[in-house]
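A quick write-up on the structure given underneath.
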Amino acid sequence: MNEKETVFMEERKQMILNLLQETEKVTVAYLSELFNVSGATIRSDLRDLENEKLLLRTHGGAMRISKSAFEIEPQKRGEATECKEAIARAAVTFIDDGDTIAVDTGSTCYAFAKHLGTKKDLRVVTNDLSIAALLDQFEDVTVYFIGGVIRKHYNCTIGSFGTAPFQDLVVDKAIMGTNSFTLAKGATTPDVGQAEMKKLLVSISDKVFILGSSDKIGRNSFVTFAESNQIDVIITDGAISKAYKESIEDSGIELVIAE
């Protein structure tokens, strides 16, 4: 980074967090050189981030705080945010009449499913009870529901108990939610049973779309369900950091910014 490149404080802090997701620890000297600012400025940034419980300061640098076991309680399906709605609308533009698609569980995927009534001759594979019930109302959508153990409070089935009949399906596109994403670990989720079901949807699909707000990018959860090289498209919002935007684009994954 040269002297003519200016990085604002909040953007610099986000880039530091993104670096920690990739490298686990950084030094003040390295960050000072990278951003062309003084060591005092970097130490101030690290102090602010530690106060927000986003990293752990160490002698001469900082370490990542693991959040691998963290999972937010499920959001009510009728309360999708404007950001999630925008991501859902962007995702629907990739769906063609006659497609066979897999739709993952979660509020963003539910927001996506609400728009499928405009499509013709659609086949949808899902493990989400609410999405299946919603799609049953659309005349031109045939639903294939994956059975199994119902995950309490999450309106979906998990594990491998009911997946055998679906393992040989050929699906055009998988629409997947995620708790977290980094290039190093791919798309991840805190729950092992959830990961098994997500892996199935990814494995039977020709093209994989990851739907996730920018606050999920640059973080890791407990279990990987899709490696970075399995992902074709990531759809997120405009708050994604410049550094991570460029890294994803350089990786060969198509990045779509929803508006």
Side-chain angles (χ1 to χ4, degrees), residues 74-148 150-151 154-158 162-178 181 187 194 196-213 216 225-226 230-238 252-259:
Q75 183 181 44
K76 292 181 180 178
R77 300 305 171 87
E79 299 177 357
T81 63
E82 183 178 340
C83 171
K84 291 183 179 182
E85 290 288 354
I87 291 171
R89 289 193 300 269
V92 170
T93 65
F94 288 92
I95 307 303
D96 301 312
D97 292 343
D99 272 349
T100 299
I101 65 175
V103 181
D104 192 17
T105 188
S107 56
T108 306
C109 289
Y110 184 84
F112 162 84
K114 291 193 296 184
H115 295 281
L116 295 180
T118 62
K119 304 297 179 180
K120 306 294 183 184
D121 189 28
L122 206 64
R123 289 167 298 279
V124 179
V125 178
T126 188
N127 67 313
D128 187 288
L129 295 161
S130 300
I131 290 174
L134 170 69
L135 296 178
D136 186 51
Q137 303 174 48
F138 301 154
E139 290 299 323
D140 277 331
V141 178
T142 301
V143 180
Y144 297 83
F145 185 73
I146 306 175
I150 294 178
R151 188 180 182 196
Y154 283 80
N155 298 305
C156 65
T157 57
I158 59 172
T163 61
F166 295 87
Q167 291 173 0
D168 295 326
L169 293 184
V170 178
V171 173
D172 298 308
K173 298 153 188 171
I175 306 300
M176 307 297 299
T178 190
F181 172 83
Q194 197 82 65
E196 287 186 36
M197 187 65 73
K198 287 175 177 283
K199 286 178 181 179
L200 169 69
L201 299 182
V202 169
S203 70
I204 63 176
S205 301
D206 290 337
K207 194 168 186 177
V208 176
F209 295 75
I210 297 294
L211 279 54
S213 53
K216 297 181 178 181
F225 66 85
Q230 294 178 289
I231 298 168
D232 298 282
V233 182
I234 293 176
I235 305 177
T236 189
D237 59 81
I253 298 173
E254 180 179 355
L255 182 66
V256 176
I257 305 298
E259 298 178 354

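These values consider heavy atoms only, across backbone and side chains, with no hydrogens, waters or symmetry-generated copies. Remember, predicted model here, so these are calculated numbers, not experimental data. Position 1 is the first residue of the sequence, and the numbers go up from there.
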**Message:** Side chains of F181 and I253, heavy atoms from C-beta outward: is any pair under 4.5 Å?
**Reply:** yes
**Prompt:** Quick one: are Y110 and N155 in side-chain contact, heavy atoms under 4.5 Å?
**Reply:** no
Can you list, pair by pair, the side-chain donor-acceptor contacts under 3.5 Å of residues 86-100, counting residues two or more places apart and other chains?
unit_1: T93; atom_1: OG1; unit_2: A90; atom_2: O; d: 2.6
unit_1: D96; atom_1: OD2; unit_2: K173; atom_2: NZ; d: 3.2
unit_1: D97; atom_1: OD1; unit_2: K120; atom_2: N; d: 2.9
unit_1: D99; atom_1: OD2; unit_2: D96; atom_2: N; d: 2.8
unit_1: D99; atom_1: OD2; unit_2: K173; atom_2: NZ; d: 2.6
unit_1: T100; atom_1: OG1; unit_2: R123; atom_2: NE; d: 2.8
unit_1: T100; atom_1: OG1; unit_2: R123; atom_2: NH2; d: 3.2

**Request:** Decide yes or no on side chain to side chain contact (heavy atoms under 4.5 Å, CB included) for V141 and K119, but give the supporting numbers first.
**Result:** CA-CA 8 Å; V141 178; K119 304 297 179 180; 5.8 Å; no
**Request:** Can you sort out the partners of Q167 under side chain to side chain contact (heavy atoms under 4.5 Å, CB included), two or more places apart, ordered by chain and number?
**Result:** T163, L200
**Request:** Applying side chain to side chain contact (heavy atoms under 4.5 Å, CB included), run through N127 and F166 and close with a yes or a no.
**Result:** CA-CA 11 Å; N127 67 313; F166 295 87; over 6 Å; no
**Request:** Dump the intermediate steps for side chain to side chain contact (heavy atoms under 4.5 Å, CB included) on L129 and F145, then the final yes or no.
**Result:** CA-CA 8 Å; L129 295 161; F145 185 73; 3.5 Å; yes
**Asked** Which residue pairs pass the side chain to side chain donor-acceptor pair (under 3.5 Å) test when at least one of the two sits in residues 131-143, sequence neighbours left out?
**Response** none
**Request:** Mind running side chain to side chain contact (heavy atoms under 4.5 Å, CB included) on I101 and L116 for me, showing each step along the way?
**Result:** CA-CA 11 Å; I101 65 175; L116 295 180; 4.0 Å; yes
**Separation of L135 CG from S130 OG (nearest 0.5 Å)** = 10.5 Å
**Item:** Contacts of type side chain to side chain donor-acceptor pair (under 3.5 Å), residue D232, not counting sequence neighbours
**Value:** none
**Item:** Shortest non-hydrogen contact from H115 toward T118
**Value:** O-OG1, 3.1 Å
**Prompt:** Taking atom CD of E254 and atom CD1 of I231, what is their separation to the nearest 0.5 Å?
**Reply:** 13.0 Å
**Item:** Min side-chain heavy-atom separation D128-C109 under 4.5 Å
**Value:** no
**Request:** Using modelled atom types only, decide if a donor and an acceptor are shared between the side chain of T81 and the backbone of K84 within a distance under 3.5 Å.
**Result:** yes
**Message:** For the backbone of G212 and the side chain of T178, can you confirm whether one donor and one acceptor N or O come within less than 3.5 Å of each other?
**Reply:** no
**Message:** How long is the straight-line distance from OG1 of T108 back to CD1 of I210, given to the nearest 0.5 Å?
**Reply:** 11.5 Å
**Message:** Please give me the minimum heavy-atom distance between C83 and D237, naming the atom from each residue.
**Reply:** SG-OD2, 3.3 Å
**pair V125-V103: side-chain heavy atoms closer than 4.5 Å** = no
**Asked** With a 4.5 Å heavy-atom cut-off, do Q194 and T105 have their side chains touching?
**Response** yes
**Message:** With salt bridge (Lys or Arg N to Asp or Glu O under 4.0 Å) as the rule and sequence neighbours excluded, what pairs involving residues 196-206 come up?
**Reply:** D104-K198
**Complete:** Correct closest heavy-atom pair for V171 and A102 would be CG1-N, 3.4 Å
